[in-house]
Amino acid sequence: MKDLSKAYESNIEKEIYRKWEETGLFNPDNMDKYLKENGYSVKKPFTITLPPPNANGNLHLGHMCGYSFHDAIGRYMRMTGHPTLLLPGKDHAGIQTETAFTKKLESEGTSKWDLGREEFYKQCYEFCITNASNAREQEKNIGLSADYSREFFTLDPRLTKIVYETFYKMYEDGLAYRDKRIINQCPYCKTALADIDTEHEERRGIFAYIRYPFVDEDGYITVATTRPETMLGDTAVAVNPNDERYKEYIGKKLMLPIANREIPIIADEEVDMEKGTGAVKVTPAHSPVDFDLGQKHELEVINVIDEEGKMTGEIPERFIGLETVECSKKLCAELDELGLLEKIENIKHEVAVCERCRTAIEPIISNQWYVDVSGLAQRSLEELKKDNVSVIPEGQQRALEHFYENIQPWCISRQLWWGQRIPVWYKGGKKKYDEDGGEIYLGENAPDDSGEWEAETDMFDTWFSSGQWPFSTLGGPDGEDFKKYYPTQMMIHARDILFWWSSRMIMMGLYRTNEVPFSKIFLTGMILAPDGSKMSKSKGNGVEPQYIFDKYGADALRLWYYSDALPGSNAPLREEKIKGNRNFVNKIWNASRFIIMNIDESEISSITDHSVDENLDRIKQTKEHISNVSKYLDKFQFNLGAEAIREFFWHTLCDVWIEEIKNEIQDKDIGSDIRIERLSELLYILKENLKIMHPFIPFITEAVWQELVKLELAKGTLMEQQIII
RNA sequence: GGGCGAUUAGCUCAGCUGGCUAGAGCAAUUCGUUUACACCGAAUAGGUCAUAGGUUCAAGUCCUAUAUCGCCCACCA
């Protein structure tokens with residue numbers, strides 16, 4: 001009776017999404033009302049704050065994957081009676097966006113310096129807003145049932161206010177402080193980085209053996225170093241006190257070549273006798289290990305490298321301004337001439353690099369803002385141990401515990417133009433404050449307009465604000481939404497940001513709200529390129545989500561994620577697999593089409609009035625199936641759920657039941673009572689299947705539901721139907 | 001250097017607290033259907049579950065080594 005196209009056309013997805021939006025039910029307040037009005041039992045609200053994608057580019061398949069899981073859980077929760085809030089947002093992503101936007105400017109022939117700080121900020125803001133709205137459309141493409149009336153950008157003044165409150169409180173509690181210590185400086189991004197913002201990479205390097213002559217006697221000690229240029233900042237040579245080779249020299253003085261400074265020979269157990277020559281040069285200003293050693297032995301700290309990775313300070317004139325690599329070469333040449341260069345070995349070694357631009361990190365001494373997170377890490381650890389928050393898969397939980405156990409002070413200031421300015425004012429200037437101390441004021445605006453106050457120009461580490469995401473988006477600890485929807489239930493993201501993000505959210509959540517912000521962290525698998533390597537722009541092996549949407553539709557992509565992107569595993573993109581899921585989606589369409597086509601218009605009222613006998617075998621099996629899938633969803637076993645719905649719909653309903661019933665109802669001699677009975681049964685089974693499949697594949701199931709609505713065989717939208725288990 | 005995970009059909013992987021005569025999808029082979037669907041159906045073939053020990057009535061599933069691969073953490077000169 002009804003003419004439906006032979007194949008499901010996924011281009012109707014946009015229209016379906018619009019239909020959902022019109023119901024207003026992505027807003028949990030409305031959902032709550034809806035449930036009450038329809039006599040459904042209203043269960044506890046269910047909240048997930050969605051990871052805000054960086055507003056500096058398009059979303060990739062990894063984002064889509066995460067949102068597929070968010071959405072499946074969200075829809076399932078709604079359909080089981082929970083007013084559900086999926087709270088979306090977009091992240092300003094400090095350093096990442098600044099790098100991306102700076103590159104964009106460069107490609108347009110201009111630069112951030114040309115624009116100036118204020119104009120840069122303004123244009124970057126616009127850049128982000130444009131990206132954010134693109135991202136929002138992409139989120140809708142995957143079917144994300146988020147409440148966009150509550151969407152936030154991380155630089156929203158309402159959020160900034162809460163972020164600032166946290167900072168003020170931390171300052172008052174003595175947790176936030178300014179300190180001078182060795183930091184990771186990225187010479188390209190020209191900012192300090194936290195340890196976690198660095199990665200380690202194997203690079204080619206040299207290992208130079210340099211002779212440091214004794215001051216008071218003939219002879220020398222040979223030290224080995226990968227960074228000869230730092231010798232200009234050496235303030236000691238350290239040996240192991242048990243090292244027979246050097247024992248007698250401890251306390252004596254060496255003449256540092258080129259710099260011509262006297263430095264002592266000190267003893268420390270830390271020194272490895274096996275490494276190099278067993279004697280190690282100590283440069284407190286430019287090596288984290290040496291910095292600690294320097295503090296321990298109260299050594300002088302001599303800065304010889306500046307923020308841009310160039311030679312500086314009290315060193316021979318000819319080296320000033322050189323890049324470290326050039327300086328190293330020049331020094332080696334000079335040492336060789338002096339007969340002080342024993343040899344140079346070419347080696348490969350692990351080097352710390354900037355997570356963003358892969359530039360080798362320059363450890364330098366600098367004044368920065370820190371947060372002492374030791375206490376909060378301890379609390380977080382306890383919550384993990386008490387199981388108030390847990391990580392799926394479990395293996396990663398131990399990694400998180402390890403992170404908390406070994407946590408260091410968190411450097412939260414970044415020398416960027418993009419982000420949230422640290423709300424601090426220094427009386428008489430920042431430089432003066434760092435050198436001699438003095439008065440400091442915390443607030444967005446200067447305490448008075450005397451002109452004595454210099455504004456801090458550093459920005460917060462972006463994770464300082466995103467670490468507060470679960471409560472800042474709910475209006476902070478005093479917000480209306482906070483009371484209703486906090487703590488949230490889950491956090492879902494890829495495992496690469498576990499330490500950056502979830503670890504901080506737990507700590508800051510505990511700090512501001514005394515509660516863990518969520519009780520479960522679900523780590524999705526990583527989507528890899530077809531060849532199993534990481535997808536990256538530079539390699540050009542990425543696959544655009546839009547390509548998949550256009551070719552196979554969102555549902556096919558989603559179903560593939562549920563099956564393959566399991567927690568803790570990697571999922572190489574296999575187009576054949578997505579295609580297989582597209583075929584399944586089409587199968588649903590056609591089975592539904594078959595049922596619809598076989599219902600005569602005159603039979604509709606009889607069918608809808610007909611009650612289905614619960615004792616029928618097929619009905620019993622259907623109910624059992626639904627309960628199984630629910631159990632999988634309750635345990636977040638998406639792969640098993642996806643497999644179950646595919647298996648049941650395709651190989652039981654289509655291949656067996658429809659075939660059985662087909663023969664019966666297409667028999668001209670069958671009585672109309674039997675026809676009605678069979679068709680009612682089929683329709684019931686179809687509808688129940690659509691419901692349980694809806695969290696996984698919302699578009700096709702809704703598309704079919706709407707066809708049923710047109711025939712008055714169903715009402716409303718599928719997303720507001722209840723799964724009764 | 002430490003931690004975690006993987007190793008199951010040609011390929012990509014499921015297999016939860018031990019009961020499997022080891023599964024799925026894709027690929028392959030053979031048939032079928034063309035008024036729900038070729039984005040279809042029926043069937044076939046294909047694995048001593050990395051290796052070696054151990055626990056058990058019973059091990060892909062637990063334990064211990066070994067090997068290969070991957071990821072994460074780490075301040076080493």
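Since we're looking at a predicted model, the values are computed, not measured. Here is the naming used below: chain letters follow the sequence lines, and residue numbers restart at 1 for every chain.
Side chains of A/Asp634 and A/Tyr76: a donor on one and an acceptor on the other come within 3.5 Å.
For CD of A/Glu405, the number of neighbouring non-hydrogen atoms (other residues, nucleotides, ligands) closer than 6.0 Å is greater than 12. Annotation for A/Lys252: atom NZ counts as buried by contact number, over 12 foreign heavy atoms lying within 6.0 Å.
For B/rG10 and B/rG70, the P atoms lie 22 Å apart once the distance is rounded to whole Å. Rounded to a whole angstrom, the distance from the P atom of B/rC4 to that of B/rC63 is 12 Å. Spacing of C1' atoms, B/rU56 relative to B/rU44, comes out at 37 Å, to the nearest Å. Taking the P atoms as reference points, B/rU17 lies 12 Å from B/rU61, given to the whole Å. Using atom P as the reference point in both B/rG19 and B/rA58, the two lie 14 Å apart (nearest Å). Atom P of B/rA50 sits at a distance of 15 Å from the matching atom of B/rG15, rounded to the whole Å. To the nearest whole angstrom, the two C1' atoms, one in B/rG46 and one in B/rA24, are 14 Å apart. Only the C1' atoms considered, B/rU21 is 23 Å distant from B/rG25, to the nearest whole Å.
The side chain of A/His200 lies closest to B/rA74, out of B/rA77, B/rA74, B/rC37. In this structure, of B/rG25, B/rA36, B/rC39, it is B/rA36 that holds the atom nearest to the side chain of A/Ala591. Side-chain proximity of A/Asn586 to the nucleotides B/rA36, B/rC16, B/rC39 is greatest for B/rC39. Of the candidates B/rA36, B/rG70, B/rG41, B/rG41 carries the atom nearest the A/Trp650 side chain, counting heavy atoms from C-beta on. Nearest to the side chain of A/Lys662, among B/rA36, B/rA14, B/rC39, sits B/rA36. Candidate nucleotides B/rA36, B/rA14, B/rC71 were compared by shortest atom distance to the side chain of A/Glu643, and B/rA14 ranks first. Of the candidates B/rC39, B/rA14, B/rC37, the closest approach to any side-chain atom of A/Leu640 belongs to B/rA14. Closest to the side chain of A/His402, out of B/rC37, B/rC73, B/rC16, is B/rC73.
Of the residues near RNA chain B, A/Thr277 and A/Ile196, the one whose nearest nucleotide (by heavy atom distance) lies more toward the 5' end is A/Ile196. Positionally, the nearest nucleotide of RNA chain B for A/Arg646 lies more toward the 5' end than for the other of A/Arg646 and A/Asp655.
Shown here are the salt bridge (Lys or Arg N to Asp or Glu O under 4.0 Å) partners of A/Asp336, two or more places apart in sequence or in another chain: there are none.
Residue contacts for A/Val271: at a heavy-atom cut-off of 4.0 Å it reaches a base atom on one of the strands shown. Within 4.0 Å (heavy atoms only), A/Ala224 reaches sugar-phosphate atoms of the nucleic acid but no base atom. Among the heavy atoms of the strands, none lies under 4.0 Å from A/Glu270. Within 4.0 Å of A/Tyr8, counting heavy atoms only, lies no atom of the nucleic acid at all. Nucleic acid contact class of A/Pro572 (heavy atoms, under 4.0 Å, all strands): sugar-phosphate only.
The only option from A/Trp560, A/Tyr562, A/Tyr561, A/Tyr632 that meets the ring pair (Phe, Tyr, Trp, His ring centres under 6.0 Å) definition with A/Phe638 turns out to be A/Tyr562.
If you take CG of A/Asp496 and C1' of B/rC73, they are 15 Å apart, rounded to a whole angstrom. Between A/Phe594 atom CZ and B/rA36 atom P there is a gap of 6 Å when expressed in whole angstrom units. The CG-C1' distance, from A/Asp292 to B/rA77, rounds to 14 Å in whole Å. Rounded to whole Å, the distance from CG on A/Leu254 to C1' on B/rA77 is 15 Å. In this structure, the CG atom of A/Asn639 is 11 Å from the P atom of B/rC16, given to the nearest Å. Between A/Asn581 atom CG and B/rU12 atom P the separation is 18 Å, expressed in whole Å. As a whole-Å value, the separation of A/Gln396 CD from B/rC71 C1' is 8 Å. Computed from coordinates, the A/Ile206 CD1 to B/rA77 C1' distance equals 13 Å when rounded to whole Å.
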> Given the rule that a pair is Watson-Crick or G-U wobble with both distances under 3.5 Å, how would you write RNA chain B in dot-bracket, using | for pairs to a different strand?
Replying inline: (((((((..((((.........)))).((((((....).))))).....(((((.......))))))))))))....
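Note on A/Asn583: a side-chain N or O is less than 4.0 Å away from OP1 or OP2 of B/rC40. Considering only side-chain N and O atoms, A/Lys577 lies nowhere under 4.0 angstrom from the phosphate OP1 or OP2 of B/rC26. Between A/Lys579 and B/rC26 there is no side-chain N or O to OP1 or OP2 distance below 4.0 Å.
Taking 4.0 Å as the cut-off between side-chain N and carboxylate O, A/Glu660 and A/Arg678 do not count as a salt-bridged pair. Using a 4.0 Å cut-off between a side-chain N of Lys or Arg and a carboxylate O of Asp or Glu, A/Glu576 and A/Arg574 do not qualify as a salt bridge.
Scanning both residues, A/Thr235 and A/Pro264, for their nearest heavy atoms gives O-CD, 3.3 Å. Among all heavy-atom pairs drawn from A/Lys296 and A/Asp268, the shortest one is NZ-OD2, 3.0 Å.
Residue A/Arg398 places no side-chain atom within donor-acceptor reach of the base of B/rC4, judged by atom type and a 3.5 Å distance cut-off alone. With hydrogens and angles ignored, no donor-acceptor pair under 3.5 angstrom links the side chain of A/Gln637 to the base of B/rA14. The base of B/rC37 is paired with the side chain of A/Lys587 by a donor and an acceptor separated by under 3.5 Å.
By the 30° and 60° cut-offs, the orientation of the rings of A/Phe649 relative to A/Phe584 is perpendicular.
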